[in-house]
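Heads up, the thing below is written out as structure tokens.
As the structure lists them, so they are numbered: ligands from 1, and atoms in each ligand from 1.
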Amino acid sequence: MRRKTKLIHGGIAGDAHTGAVSVPIYQVSTYKQEAVGVHKGYEYSRTGNPTRHALEELIKDVEEGYAGFAFSSGMAAITAVMMLFNSGDHVILTDDVYGGTYRVMTKVLNRLGIASTFVDTSDLANIEAHIQPNTKAIYIETPTNPLLKITDLQGASEIAKRHGLLMIVDNTFSTPYWQTPIAFGADIVIHSATKYLGGHSDVVAGLVVVNNEQLAQDVHFIQNSTGGILGPQDSWLLMRGMKTLGIRMEEHEQNTRKIVEFLINHPAVTRVYYPGLPSHPNYDVAKKQMRGFGGMVSFDVGSGEKAEQVLTRVRYFTLAESLGAVESLISLPAKMTHASIPKERRDELGITDGLIRISVGLEDVDDLIEDLAQALA
Ligand SMILES: Cc1ncc(COP(=O)(O)O)c(C=O)c1O
């Protein structure tokens, strides 16, 4: 099955009982047992729910993994995966991961004894240099948020295998339509499905896909024990969104290429970050592991003051956190998504006050370019 077909026919399509072509919303908490322990596969909806199960099967298929799990948010998914580790364990992470990931590692999981080191994983030597005797995993975001840095998934997985570490990839920005990390050796893939997978700014959700039976058992045990599951209504909404992921990603890609072209030629823009630009330092790696470069672009206008002017002048780009939706969004990472990262650390990473991030939506690209042109003028 090709990717667009899999998004529509993968997982559990329709309802075997009624012939309904859309999986029904099983709005139920518990299930009748014929005798003690004799049931149709479901006992209690924290443990398993048919609508959530259909979504979990779908993400498993599109990420080409062994099993999928749905959580109430991307952060719930990330936290559940981190619960695989014990006090005393250490994880190496990409340095400009999503601010919430940085926050949960440095303000919550550190208190439980799970230590973390943040390195620029786009240079594989940095990963190798920071492995300690207690290191258990490498956690990668590629492309990163908001600097669009690229890490070589194959190279990182070879390091992980050599040292007996798990390799975890946050695939939110690329989506499985453009990048399938398990094919490059990842053990676990995570999504903030709130973004492209949902695609319509109407659901908060997280997904996890694992590549083997042991991890499937472990993640299910954590999901059931800690309980951060996705409800049936949101599971259904997410499946509806995912059916059009392919066609949306193709259109995001085309709009983004035209906007990048406009930005690199604009005198008020000092720098453009996009992995599809041949001048991007990891363009060759991006080309090897991504089928498309995505709809996220960051650009610098030189100062926080200028950036805020652009943000207040745009008409079609909605000033909002989040990304990956049909409507174009614009944000100022230093003051919004990455505000929880201390300023010194942001400056070290290159997340300057003048850095603007856009999530290119599905509006007519000529309207988007005109809008940016008037705002930058
Ligand atoms: C790359 C990435 N990972 C994880 C998250 C967290 O996901 P959620 O907001 O669904 O909890 C986000 C949210 O913006 C994100 O951008």
Option from Phe173, Tyr196, Phe293 for which ring-ring contact (aromatic ring centres under 6.0 Å, His included) with His252 holds: Tyr196
Between [Y] and [X], does any NZ, NE, NH1 or NH2 come within less than 4.0 Å of an OD or OE carboxylate oxygen?
X	Y	value
Arg313	Asp371	no
Arg248	Glu251	no
Glu348	Arg345	yes

Atom indices of ligand 1, in the order listed, that fall short of 4.0 Å to a heavy atom of Ser73: 10 (O), 11 (O)
Which ligand 1 atoms are under 4.0 Å away from a heavy-atom of Thr172?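 Result: 1 (C), 2 (C), 3 (N).
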Does ligand 1 have any atom that is closer than 4.0 Å to a heavy atom of Glu321?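 The answer is no: ligand 1 sits nowhere under 4.0 Å from a heavy atom of Glu321.
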Could you tell me whether ligand 1 has any atom less than 4.0 Å away from a heavy atom of Ala205?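 A heavy atom of Ala205 does come that close to ligand 1.
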Within 6.0 Å of NZ in Lys4, more than 12 heavy atoms from elsewhere: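 Count over threshold, so yes.
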Residue, atom name and distance, where the atom is the protein heavy atom closest to [atom]:
atom	value
atom 5 (C) of ligand 1	Tyr98 CD2, 3.4 Å
atom 16 (O) of ligand 1	Asn145 ND2, 3.5 Å
atom 11 (O) of ligand 1	Met75 N, 2.9 Å
atom 14 (O) of ligand 1	Lys195 NZ, 2.6 Å

So, Phe118 versus Tyr102, ring centres under 6.0 angstrom or not? yes
Name the option, out of Leu207, Thr194, Asp170, that contains the heavy atom nearest to atom 1 (C) of ligand 1. Asp170
Working to the nearest 0.5 Å, report the span between OG of Ser192 and CE of Met75. 9.5 Å
Does Val219 share a hydrophobic cluster with Phe85, counting links as ILVMFWY side-chain heavy atoms below 4.5 Å and allowing steps through other members?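 Per the 4.5 Å side-chain linkage, Val219 and Phe85 are co-clustered.
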Taking distance alone, with no angle check, do [X] and ligand 1 share an N/O pair under 3.5 Å?
X	result
Ser192	yes
Gly74	yes
Glu141	no
Ile78	no

Go through Tyr98 and Glu141 one step at a time and tell me if the side chain to side chain donor-acceptor pair (under 3.5 Å) criterion holds. CA-CA 8 Å; Tyr98 170 61; Glu141 228 180 86; over 6 Å; no
